[in-house]
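Small disclaimer: the values here were computed from a predicted structure and weren't measured.
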Amino acid sequence: MAVTVAGIDCGTNSIRLMVATVSEKGMEAIVPRVMRVVRLGQDVDKTHEFSPEALARTFAAIDEFARILEPYQVDGIRFVATSATRDARNRREFEDYVQKKLMVRPDVIPGTEEARLSFLGATSVIDSALHKPPYLVMDLGGGSTELVLGGDGVASPDHQVRQAYSMDMGSVRVSERHLVSDPPRQEEIQAATEDVDQAIDEACKQVDLSATGTFIGVSGTATTMASVAIGLTSYDHDAIDGQVISFDRMEEADDEVLRMTRDQRGRLGVIHPGRLDVIGGGALVLTEIMKRIRKDTAAAGHEVDQVMVSEHGLVEGIVRDLGLRLLQAQG
């Protein structure tokens, strides 16, 4: 038995669509992930409202997704909205537009649910025989960063969450708050680092980073910085998915990109134009999380010093979760 479902992940910086068949054995993409950078969360951290231009960009992507979905008969569709929508006072206009175009109301989920779904998507392709559990999944978005620990490969399923925390800290939020110069000044970088480290301190009260067996990075910042770290000159989905990169090399790439001008970042060839002005903030968050993982796991006697980068994240989790729930309802 299988069902056909569509999932949409609308974040602070980008929006993604996926259509797949889901069965008890797994899922198979019908429409592989379609991603558009729309910057819905532009200035939301400051104004607490969606700007007209951000809504226009997002509505254009929703129109495109409606055209893509038209030929398919799906058993269910779930539209998930995350950090920016949680914070916007005028989100009703956005929600009404989605309802009109896609016949589904956006599900504005809390950070804990975002964390669970990201973990579900990231672990959908993990082999515990090859990658040591527990898994720490980091979904580093534009407005928030989810840290999720789960799966021990023995007593609990690999997709079962043990601990999770959502930090109000992502590439767009950090960049808009602190990294306003081009390139960022040292005092801006220092202020951003202190802000990020404070958020990580709070996260560590909820998620035991020292228990990490395998660290998995998902979302645009992680995959983009991995592309830089391994020296790609154009983005290659297949080359990035599953790459294992040392913390040392990732931190080196993070620092290089953080200190570049926007034009210099553009010449690298692997950074989406919609990320050029915020990728430095994401790189800084990634570096500080890796530093804390290395420190805490070393203190626990099993230092983790590399990250596995995955193209499978929140949108895959949305699809997988909806499909399994529909199958269960069918009996």
Notebook entry, point to check: For the hydrophobic clusters of this structure (ILVMFWY residues joined by side-chain heavy atoms under 4.5 Å, transitively), does one cluster hold both F65 and F50?
Noted result: yes
Item checked: Closest contact, heavy atoms only, D241 versus E311 -> OD1-N, 2.9 Å
Item checked: Cationic N near anionic O, under 4.0 Å, E288 to K291 -> yes
Notebook entry, point to check: Taking the side chain as C-beta and beyond, is there a heavy-atom pair between V270 and V228 under 4.5 Å?
Noted result: yes
Notebook entry, point to check: So which heavy atom on I15 is nearest to which on A61, and how close?
Noted result: CG2-CB, 3.8 Å
Check: From T233 OG1 over to R267 CZ, what is the distance, rounded to the nearest 0.5 angstrom?
Finding: 15.0 Å
Next item on the list: Determine yes or no for a side-chain-to-main-chain donor-acceptor pair under 3.5 angstrom, with R86 supplying the side chain and I109 the backbone.
Entry: yes
Check: For the side chain of T221 and the backbone of G282, is there at least one donor-acceptor N/O pair under 3.5 Å apart?
Finding: no
Check: Picking from I245, V137, I216, what satisfies side-chain contact (heavy atoms from CB on, under 4.5 Å) with M308?
Finding: I216
Next item on the list: Report the distance from atom CG of N90 to atom OG1 of T85, rounding to the nearest 0.5 Å.
Entry: 10.0 Å
Margin query: Under a 4.0 Å threshold between the charged nitrogen and the carboxylate oxygen, would E252 count as salt-bridged to R249?
Written below: yes
Note to self: Nearest 0.5 angstrom please: L136 CG to L147 CG, how far?
What the structure shows: 5.5 Å
Margin query: Quick check against the 3.5 Å criterion: does T214 have a side-chain atom that pairs as donor or acceptor with the backbone of K132?
Written below: yes
Check: Are any of the side-chain heavy atoms of V218 and L314 separated by less than 4.5 Å?
Finding: no
Check: Do T212 side-chain atoms and L209 backbone N/O form a donor-acceptor pair below 3.5 Å?
Finding: yes
Notebook entry, point to check: Would you say R89 and T47 make side-chain contact, with heavy atoms under 4.5 Å?
Noted result: no
Checklist line | Beyond-backbone contact of V319 with V22, side-chain heavy atoms, under 4.5 angstrom | finding: yes
Checklist line | Cationic N near anionic O, under 4.0 Å, R78 to E113 | finding: yes
Next item on the list: Give a yes or no on whether the backbone of T4 and the side-chain of D75 come within a donor-acceptor separation of less than 3.5 Å.
Entry: yes
Next item on the list: Show the numbers, then the answer: is there a side-chain contact (heavy atoms from CB on, under 4.5 Å) between R275 and S171?
Entry: CA-CA 9 Å; R275 300 190 193 280; S171 61; 5.8 Å; no
Note to self: Quick one, C204 with D296, criterion side-chain contact (heavy atoms from CB on, under 4.5 Å). Give me CA distance, side-chain angles, the key distance, then yes/no.
What the structure shows: CA-CA 10 Å; C204 287; D296 289 1; 4.3 Å; yes
Next item on the list: May I ask you to say whether R105 pairs ionically with D96, meaning some side-chain N is under 4.0 Å from a carboxylate O?
Entry: yes
Checklist line | Nearest heavy atoms of L17 and L69, plus distance in Å | finding: CD1-CD2, 4.1 Å
Next item on the list: Flag yes if M35 and M27 sit in one hydrophobic cluster, no otherwise; membership is Ile, Leu, Val, Met, Phe, Trp, Tyr, and two members link when side-chain heavy atoms are under 4.5 Å apart.
Entry: no
Check: Is the closest side-chain heavy-atom distance between M169 and R177 below 4.5 Å?
Finding: yes
Margin query: Can you tell me how far apart CG (D63) and CD1 (I68) are? Round to the nearest 0.5 Å.
Written below: 11.0 Å
Item checked: R92 with E95: basic N within carboxylate O range, under 4.0 Å -> no
Notebook entry, point to check: In terms of hydrophobic clusters joined by side-chain contacts under 4.5 Å, are V315 and L326 together?
Noted result: yes
Note to self: I'd like to know if the side chain of H178 reaches the main chain of R173, judged simply by a donor and an acceptor atom lying under 3.5 Å from each other, with no hydrogens or angles considered.
What the structure shows: no
Next item on the list: Would you mind reporting whether T21 and I30 have side-chain heavy atoms less than 4.5 Å apart?
Entry: yes
Margin query: With a 6.0 Å cut-off (strictly less than), is the heavy-atom count around CD of Q330, excluding the residue itself, greater than 12?
Written below: yes
Check: Looking at D321 and R325, does any basic side-chain N land under 4.0 Å from a carboxylate oxygen?
Finding: yes
Next item on the list: Answer yes or no: is there a donor N or O on one side and an acceptor on the other, between the side chain of R265 and the main chain of V257, under 3.5 Å?
Entry: yes
Note to self: Can you tell whether the side chains of R262 and D182 come within less than 4.0 Å, N to carboxylate O?
What the structure shows: no
Checklist line | Heavy-atom closest pair, residues A29 and A20 | finding: CA-CB, 3.8 Å
Item checked: Smallest separation among heavy atoms of G151 and F119, with atom names -> N-CZ, 4.2 Å
Margin query: I'd like to know whether F94 forms a side-chain contact (heavy atoms from CB on, under 4.5 Å) with I62, so could you lay out the CA-CA distance, the side-chain angles of the two residues, the decisive distance to 0.1 Å, and finally the verdict.
Written below: CA-CA 10 Å; F94 163 69; I62 291 168; 4.1 Å; yes
Item checked: Candidates R36, R16, R33 - the one meeting salt bridge (charged side-chain N to carboxylate O under 4.0 Å, His left out) with D9 -> R16
Margin query: Between R259 and D255, does any NZ, NE, NH1 or NH2 come within less than 4.0 Å of an OD or OE carboxylate oxygen?
Written below: yes
Notebook entry, point to check: M250 pairs by side-chain contact (heavy atoms from CB on, under 4.5 Å) with which of T287, I230, L286?
Noted result: L286
Notebook entry, point to check: Within the side chain of T297, is there an N or O that forms a donor-acceptor pair under 3.5 Å with the backbone of V304?
Noted result: yes
Notebook entry, point to check: Can you tell me how far CG of L268 sits from CG of D263, rounded to the nearest 0.5 angstrom?
Noted result: 11.5 Å
Next item on the list: Would you check if there is a donor-acceptor pair between the side chains of Q198 and E202 at a distance under 3.5 Å?
Entry: no
Checklist line | Stepwise side-chain contact (heavy atoms from CB on, under 4.5 Å) check, I279 with H272 | finding: CA-CA 9 Å; I279 191 65; H272 189 286; over 6 Å; no
Check: Is there side-chain contact between Y97 and T58, with heavy atoms separated by less than 4.5 Å?
Finding: no
Notebook entry, point to check: Are M18 and I77 in one and the same hydrophobic cluster, where Ile, Leu, Val, Met, Phe, Trp and Tyr link if side-chain heavy atoms are under 4.5 Å apart?
Noted result: no
Check: What do you reckon, is CD of Q328 surrounded by more than 12 foreign heavy atoms closer than 6.0 Å?
Finding: no
Notebook entry, point to check: Got D305 and I293 here, is their nearest side-chain heavy-atom distance under 4.5 Å?
Noted result: no
Note to self: Tell me if the CD atom of Q186 is crowded by more than 12 foreign heavy atoms within 6.0 Å.
What the structure shows: yes
Check: Nearest 0.5 Å, what's the CG-CZ distance between D107 and F79?
Finding: 10.5 Å
Checklist line | Carboxylate-amine/guanidinium proximity below 4.0 Å for R39 and D277 | finding: yes
Item checked: Cluster check L258, M290: I/L/V/M/F/W/Y, side chain < 4.5 angstrom -> yes
Item checked: Crowding at CD, E28 (>12 non-hydrogen neighbours, <6.0 Å) -> no
Check: Any luck finding a side-chain donor-acceptor pair between S181 and E188 under 3.5 Å?
Finding: yes
Note to self: Quick one: does any side-chain atom of S219 pair with a main-chain N or O of L140 as donor and acceptor, under 3.5 Å?
What the structure shows: yes
Next item on the list: Grab the two heavy atoms, one from G220 and one from T223, that are nearest each other, plus how far apart they are.
Entry: O-OG1, 3.3 Å
Next item on the list: Decide, yes or no, whether a salt bridge links D248 with R294 under the criterion of side-chain N to carboxylate O below 4.0 Å.
Entry: yes
